[in-house]
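Below, chains carry the letters A, B, ... as their sequence lines are ordered, and counting in each starts from 1.
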4 protein chains.
Amino acid sequence: MLSKAERTRQYIVEKTAPVFNERGYAGTSINDLTEATGLSKGSIYGNFENKDEVALAAFDYNFGQIIHYLKSEMTTRETIIEKLLVYPDTYRNFLELPFLKAGCPVLNTSTEADDTHPLLREKAANALAFWKSSVERLIQKGIELGEIKPDTNAPAFAVVLMSLVEGAVMQAKVTRQVEPLQVSMDYLSRIIRELGA
Amino acid sequence: MLSKAERTRQYIVEKTAPVFNERGYAGTSINDLTEATGLSKGSIYGNFENKDEVALAAFDYNFGQIIHYLKSEMTTRETIIEKLLVYPDTYRNFLELPFLKAGCPVLNTSTEADDTHPLLREKAANALAFWKSSVERLIQKGIELGEIKPDTNAPAFAVVLMSLVEGAVMQAKVTRQVEPLQVSMDYLSRIIRELGA
Amino acid sequence: MLSKAERTRQYIVEKTAPVFNERGYAGTSINDLTEATGLSKGSIYGNFENKDEVALAAFDYNFGQIIHYLKSEMTTRETIIEKLLVYPDTYRNFLELPFLKAGCPVLNTSTEADDTHPLLREKAANALAFWKSSVERLIQKGIELGEIKPDTNAPAFAVVLMSLVEGAVMQAKVTRQVEPLQVSMDYLSRIIRELGA
Amino acid sequence: MLSKAERTRQYIVEKTAPVFNERGYAGTSINDLTEATGLSKGSIYGNFENKDEVALAAFDYNFGQIIHYLKSEMTTRETIIEKLLVYPDTYRNFLELPFLKAGCPVLNTSTEADDTHPLLREKAANALAFWKSSVERLIQKGIELGEIKPDTNAPAFAVVLMSLVEGAVMQAKVTRQVEPLQVSMDYLSRIIRELGA
DNA sequence: CATGAATGAGTTTTCATTCAT
DNA sequence: TATGAATGAAAACTCATTCAT
């Protein structure tokens, strides 16, 4: 069971993670955190060293939410191709997923932190690396199972998949139109299906 | 010829645009602007209403730089396909282009501003719309000239192109590796070439 | 025998007294007290009304340590002159005495509290008065015993002794050199010996 | 002529120096500084890097005031002995001298900073060194002029003088009685006169 | 038009203290 | 009595903006 402190920490992270994703690190103030949690400043600082630590934990939480969602969706699918299709299927409707409403945290954090916040940058880079190897592993397995063409370049496909997803999310968020998303996810779905042996 | 005021405005924009692109709107302070320009705060405020106005002008400048570069590159190319290849050729080396070193301003501004800064958001959205229709027009012309397959879906291709570019830039920036960029731009080059009739 | 509560109080005082002496009242936080004691904030506040009360008790403890040391040293000495020489002999090596390592608490508390903390100020003033009358009594006894010249001005000598000690401690502490201390204590030893009848 | 900034800096130092001397570094807040000056926090920070910098400048100012006063008093005196007597004459009435009302800044700063504030500690140590060599030089000159016994140990006398002054100031401040001061300064005057050849 | 000192609201963080467990 | 999470006031410091010169 979680201690009181661990529960509060968890609570703070859950309540503030969407705020960080929406407003960014520099755009989120400690006041925003107290408003989101209903807790006092002292309480935030009683449970976290500083704003950085909250932001880093919030990123982990946000990314964890996505991972968890994708994983659980994949378990409902039978074939590798269908599992890979979870990506376009998920991001196609990202605006309706509460943890993606404000956009993909990997994208948001990457663009903000790359030149300004080394620790967040590293978290985002690690998240991308994790994502990439997850896709690669799926493809590898598909090849082994004879589902996917054996000459498929897994690392390259992973990168293209991620580019398409993040580039489309960015366009959809800022234009407030679903078209770029649908178009890109349709395209991604098609090239995933074309992996089939 | 430009008036004194217009020249100072222009000077401020030129000097501060890279700063805004690197640190973002919330991450850039007026002090950063005085340091970048060597001018006083009073001078910044004598030439711009407020920080917003500088940021908006800086975005226009940053985007204009890209447009200008792409256009001039395209004029050196003969065929439409080759002109389209300017996109991957340019972004493949974006870290070496001074106005793209800190990443694509459209990407950076979009992810920061989408939920926080309506005016910047609109600028970014317009930039994307402009980019999209530029690509569409090129493809259209390619079709008319018989260079590109007539059944090409121009709007869809434009969106995919932009997704690939921005998604790849994001990955390259945050991981500090060129691989995702090369892979994505190789892929983009290939599908551009495959447009050929 | 001491009750549990009294023992905890005593424990807190012993552990925090050196901290107060080193960092001063304003420079010592409750956190410093929990670190020094290994106890919780609640425990500090369960045994003391507030920070003030701990500080006052800590001063008493610090001063008591000095008194106790001086007294026990004096009992090993036979003559009054030799007993008086305990002062220079003790302070000459004050950096090696654990309860004086951070300087004389009377000096430290006096200079911090004189204009800012009435209760601490009074404690320090009382300590000085006690010290003074101790020296006076010794001299008086020396006169009665025929050891010390009968025309000696005991109150004046006491004040001069204290000035020399405290002034020298201050110089030694801040310059981190022993020379001022040795010089002043040599001088004090000499004038003490000159009291001899 | 002083620039506006230099005048404001000077003004802040003048107004806050007595506050720092009275309440100490840790006991003085930025709010205290705005109240003492009538200026805003922004103005304090516009003219000084941080609280440290104000405190260091305030110490220099406070010490400078003493030096200036002592020097100007000495110029009114003819003999070296009389010049040396400026010390007891000055400190005997220190409570009436505006820049010494809250006690000697060297004493106050030394006892607060010795274990807590390296920069202030160094300033105080340098002030003591300066004071010491000033006294030594005077004695040296007295010896050269035949006014002072040639076998006088100048460094030792300087240390004793400083000990007597600072130890007496401490006692007078905290007990709020002039007696310790008068007694110590009487004693100091006597031993200064005894330097006479 | 340019300067830069000044402002006051806002930022992040620390503090002494309380109180439910 | 002991704990340590929670509090709210205050700390140090920053920021966008103004305005007298």
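To the nearest 0.5 Å, the span separating OG on Ser40(B) from OH on Tyr45(B) amounts to 12.0 Å. The OH atom of Tyr61(D) lies 10.5 Å from the NE2 atom of His68(D); values are rounded to the nearest 0.5 Å.
Atom-to-atom, CZ of Phe48(B) to P of dT18(F) comes out at 16 Å; the value is rounded to the nearest Å. Taking atom CZ of residue Phe20(C) and atom P of nucleotide dA16(E), one finds them 9 Å apart after rounding to whole Å. One interatomic measurement links the two molecules: CD of Glu35(C) to P of dG4(F), which rounds to 14 Å at whole-angstrom precision. As a whole-Å value, the separation of Ile44(C) CD1 from dT3(F) C1' is 12 Å. Rounded to an integer number of Å, the gap from Glu53(D) CD to dA12(F) C1' is 15 Å. Atom CD of Gln10(D) is separated from atom P of dA5(E) by 15 Å (rounded to the nearest Å). To the nearest angstrom, P of dG8(F) lies 11 Å from CG of Leu39(A).
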Derivation and outcome, side-chain hydrogen bond (donor to acceptor under 3.5 Å, both in side chains), residues Gln10(A) and Glu14(A) = CA-CA 6 Å; Gln10(A) 188 58 18; Glu14(A) 280 168 25; 3.3 Å; yes
Apply side-chain contact (heavy atoms from CB on, under 4.5 Å) to Leu107(B) and Met170(B), showing your working.
-> CA-CA 8 Å; Leu107(B) 173 64; Met170(B) 182 270 275; 3.9 Å; yes
Go through the steps for Glu53(D) and Arg9(D) under the test salt bridge (Lys or Arg N to Asp or Glu O under 4.0 Å), then give the verdict.
-> CA-CA 11 Å; Glu53(D) 229 189 48; Arg9(D) 245 186 100 94; 3.5 Å; yes
What do the steps show when you test Asn108(A) against Asn21(A) for side-chain hydrogen bond (donor to acceptor under 3.5 Å, both in side chains), and what is the final call?
-> CA-CA 7 Å; Asn108(A) 292 342; Asn21(A) 196 33; 3.0 Å; yes
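By the 6.0 Å and 45° rule, Lys123(A) does not stack over the aromatic ring of Phe63(A).
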If you restrict it to nitrogen or oxygen atoms, what contacts under 3.5 Å exist between nucleotides 13-15 of chain F and the protein, and what is each distance?
{"unit_1": "dC13(F)", "atom_1": "OP2", "unit_2": "Tyr45(D)", "atom_2": "OH", "d": "2.7"}
{"unit_1": "dC13(F)", "atom_1": "OP2", "unit_2": "Lys51(D)", "atom_2": "N", "d": "3.1"}
{"unit_1": "dC13(F)", "atom_1": "O5'", "unit_2": "Tyr45(D)", "atom_2": "OH", "d": "3.3"}

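For the pair Arg176(D) (side chain) and Asp114(C) (backbone), a donor-acceptor distance under 3.5 Å is present.
Between Phe20(C) and Tyr25(C), the ring planes are parallel. Angles under 30° get that label, and only those over 60° would be called perpendicular.
Between Asp115(B) and the options Lys101(A), Lys173(A), Arg23(A), a side chain to side chain donor-acceptor pair (under 3.5 Å) holds for only Lys173(A).
Distances shorter than 4.0 Å separate some side-chain N or O of Thr8(B) from OP1 or OP2 on dA2(E). Note on Ser43(C): a side-chain N or O is less than 4.0 Å away from OP1 or OP2 of dT3(F). In this structure, Ser40(C) reaches the dT3(F) phosphate: one of its side-chain N or O atoms is under 4.0 Å from OP1 or OP2. Checking the phosphate oxygens (OP1, OP2) of dG4(F), no side-chain nitrogen or oxygen of Asn47(A) falls inside 4.0 Å.
A heavy atom closer than 4.0 Å to some atom of DNA chain E occurs in no member of residues 110-122 of chain A.
Across all non-hydrogen atoms, the minimal contact from Tyr11(D) to Thr37(D) is OH-O, 2.8 Å.
Within a 6.0 Å radius of CD in Glu122(B), no more than 12 heavy atoms belonging to other residues, nucleotides or ligands are found.
Every stem involving DNA chain E, taken as at least 3 paired positions in a row under the Watson-Crick or G-U wobble test at 3.5 Å, is listed here: E:2-21 with F:2-21.
The 5' end of DNA chain F is approached more closely, in terms of each residue's nearest nucleotide, by Gly46(C) than by the other of Tyr25(B) and Gly46(C).
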